[in-house]
Amino acid sequence: MKLKKLELVNFRNYKDLDLNFNSNKILIVGKNARGKTNILESIYYLSSLKSHRAKTENELIYWGESVANLKLNFEKDNNDSKLEIILNPPKKKILKVNEIKKNKYSEFISQLKTVNFEVDDLLLLRGTPENRREWLDLAINQIYSAYYDRLNKYNKIKQQKINYLKNSKVLTFDANLFDVYNSQMAIAGSNILYLRLKFLKEIIKYAKIMHKNIACDEELDIVYNSTILGDIFLDENYILPGINEIVEIYNQKLEEKRELELLRLQSLVGVHRDDISYFINNIDSKKFASQGQQRTIVLSLKLAQVNLINEKTGYNPILLLDDVLAELDDLRQSYLLETINENIQTIISSVDTYQFDKKYLKNVQIFNINDKILK
Ligand SMILES: Nc1ncnc2c1ncn2[C@@H]1O[C@H](COP(=O)(O)OP(=O)(O)OP(=O)(O)O)[C@@H](O)[C@H]1O
Ligand SMILES: [Mg+2]
């Protein structure tokens, strides 16, 4: 995939922005607070309908305005494709793919494939389980688009169950209804669990190679900490259980926790409580990895994502690197830039161009947003 043209109206600090891309290597250069991240954020938003920074749509709209418009032309299968988002909260956002309105988010998400790598990702390992699940969920969305709807469905059922637990009084408690919530959770949750395990099993093979290339004597492993199936060591030899088998165990686990859930009025087990652990030479990186080791893991995961998207969808994703180069040492920086296949369009934001060697700067398209060419 290749980006051709990005138009933003009232998105973040851009009243009106029009960028035409004509290279696979794009640098967005500007001093702090000029709007570099905002450009990358708009591209990532067009791909995932997700912003890591904004909690509400309003935050994405130029202050004082009520409507924002994002348009992107890109090349897909040698054809021109178009994406458009109109934000007009509190109304539902309008989504268009090739001028055709899409009512379901899942029909829009990951039309454009991206891998986003920003400074905050470097904290992934030391962050919360929620951060780690979010990374996983967004990465899966880029490959299995049905995942988005399934996750939404699961979250809705989970919320209904929690509301029911919180609102029901002992006298009005309906055990049958509670069972219905649980069995719905088991089915929806098993689908999520299955796809998470499948994805991790697939990504680890690439991540291990990338990791070895940077840190020769260290072995990376991933363990999925499931509240349903226990800790699962993911490698290529792992045999995925069938959905029916997972549903059965899911139901058993919910049954085991039933009393405790009623006592605490919380939903205690399920994919919303799971976590991921990364091990280096069998040592849990959450607790023991140095900053450099953590960076190597995250970098390996991001590059593995690029490879896996290509393997599974046939598309080269767009790689968005927001300020991360400055955070990586020379070894990791050059590994990153040299490993990126030249067919992968890469958009890098940076405060200056000094850190790039001459070889990289060849054929690069630079947008200097300190200049007034941009409004
Ligand atoms: N909704 C909005 N309306 C107008 N301006 C906004 C809005 N949201 C953010 N901004 C402004 O956009 C500016 C640029 O933000 P951005 O994060 O893109 O900068 P940056 O170039 O990436 O800076 P840094 O180098 O520090 O990361 C900020 O000063 C911020 O105040
Ligand atoms: Mg920034």
Side-chain angles (χ1 to χ4, degrees), residues 6 8-15 17 32-72 83-95 102-106 108-112 114-142 145 147-163 166 192 266-267 270-276 298 302 320-324 349:
L6 174 70
L8 302 176
V9 175
N10 290 336
F11 181 84
R12 291 283 194 188
N13 66 329
Y14 295 105
K15 283 239 92 169
L17 174 77
N32 296 125
R34 286 299 162 113
K36 301 181 293 298
T37 298
N38 293 345
I39 293 175
L40 294 179
E41 182 184 36
S42 73
I43 298 167
Y44 188 62
Y45 195 71
L46 280 153
S47 159
S48 67
L49 294 179
K50 188 90 191 165
S51 154
H52 292 300
R53 302 189 295 175
K55 293 212 170 55
T56 65
E57 274 176 24
N58 279 311
E59 287 172 48
L60 299 173
I61 301 172
Y62 194 98
W63 295 320
E65 298 290 341
S66 53
V67 184
N69 192 303
L70 299 83
K71 275 191 202 167
L72 183 77
L83 296 175
E84 183 173 0
I85 303 176
I86 302 166
L87 298 173
N88 188 10
K91 288 193 197 136
K92 196 176 170 205
K93 52 182 159 284
I94 296 174
L95 306 173
K102 301 287 178 191
N103 291 321
K104 284 171 88 178
Y105 287 3
S106 58
F108 186 90
I109 282 175
S110 88
Q111 289 288 331
L112 172 75
T114 53
V115 172
N116 187 41
F117 190 4
E118 54 192 273
V119 178
D120 283 354
D121 289 327
L122 295 168
L123 305 171
L124 189 71
L125 303 185
R126 291 268 162 96
T128 62
E130 198 181 352
N131 296 147
R132 287 184 286 274
R133 285 194 302 269
E134 187 183 46
W135 167 75
L136 182 60
D137 292 336
L138 288 170
I140 299 174
N141 276 341
Q142 293 286 318
S145 45
Y147 185 77
Y148 180 86
D149 284 337
R150 292 183 189 179
L151 192 60
N152 261 349
K153 192 171 167 194
Y154 177 82
N155 285 332
K156 267 189 203 144
I157 300 167
K158 179 199 76 188
Q159 205 48 51
Q160 281 171 355
K161 174 174 159 178
I162 292 173
N163 293 345
K166 297 223 158 113
I192 304 296
Q266 282 175 337
S267 171
V271 289
H272 61 293
R273 293 276 181 144
D274 293 352
D275 199 356
I276 311 162
V298 177
K302 297 284 174 175
L320 305 169
L321 302 177
D322 189 12
D323 255 350
V324 280
S349 78

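Numbers here are sequence positions counted from 1. Remember, predicted model here, so these are calculated numbers, not experimental data.
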When rounded to the nearest 0.5 angstrom, what distance separates [atom1] in [X] from [atom2] in [Y]?
{"X": "Leu70", "Y": "Leu87", "atom1": "CG", "atom2": "CG", "answer": "6.0 Å"}
{"X": "Leu40", "Y": "Ser51", "atom1": "CG", "atom2": "OG", "answer": "12.0 Å"}
{"X": "Leu151", "Y": "Asn141", "atom1": "CG", "atom2": "CG", "answer": "7.5 Å"}
{"X": "Asn155", "Y": "Lys153", "atom1": "CG", "atom2": "NZ", "answer": "12.5 Å"}
{"X": "Tyr147", "Y": "Ile140", "atom1": "OH", "atom2": "CD1", "answer": "4.0 Å"}
{"X": "Ser48", "Y": "Ile109", "atom1": "OG", "atom2": "CD1", "answer": "7.0 Å"}

>> Can you tell whether the side chains of Arg133 and Asp275 come within less than 4.0 Å, N to carboxylate O?
In response: no
> Is it true that Arg53 and Glu59 have a side-chain N and a carboxylate O under 4.0 angstrom from each other?
Replying inline: no
>> For Ser42 versus Phe11, what's the shortest heavy-atom pair and its separation?
In response: CB-CE2, 3.5 Å
>> Quick check: closest heavy atoms across Asn116 and Lys302, and the distance to 0.1 Å?
In response: O-NZ, 2.7 Å
I'd like to check [X] versus [Y] (side-chain heavy atoms, cut-off strictly below 4.5 Å). Are they in contact?
{"X": "Val271", "Y": "Tyr154", "answer": "yes"}
{"X": "Asn88", "Y": "Lys93", "answer": "no"}
{"X": "Val115", "Y": "Leu320", "answer": "no"}

> Testing Asp322, Asp323, Thr37 for side-chain contact (heavy atoms from CB on, under 4.5 Å) with Val119, which one passes?
Replying inline: Asp323
>> Which residue in the set Asn10, Ile85, Ile86 passes side-chain contact (heavy atoms from CB on, under 4.5 Å) when paired with Asn69?
In response: Ile86
>> Would you say NZ of Lys102 has more than 12 non-hydrogen atoms from neighbouring residues, nucleotides or ligands within 6.0 angstrom?
In response: yes
> Who passes salt bridge (Lys or Arg N to Asp or Glu O under 4.0 Å) against Lys161, sequence neighbours left out?
Replying inline: Glu261
Between [X] (side chain) and [Y] (backbone), is there a donor-acceptor pair under 3.5 Å?
{"X": "Arg132", "Y": "Leu125", "value": "yes"}
{"X": "Ser267", "Y": "Lys158", "value": "no"}
{"X": "Tyr14", "Y": "Gly35", "value": "yes"}

> Which residues satisfy the ring-ring contact (aromatic ring centres under 6.0 Å, His included) test with Tyr105, sequence neighbours excluded?
Replying inline: none
> Pairs in or reaching into residues 47-67: which pass ring pair (Phe, Tyr, Trp, His ring centres under 6.0 Å), with residues at least two apart or in two chains?
Replying inline: Tyr44-His52
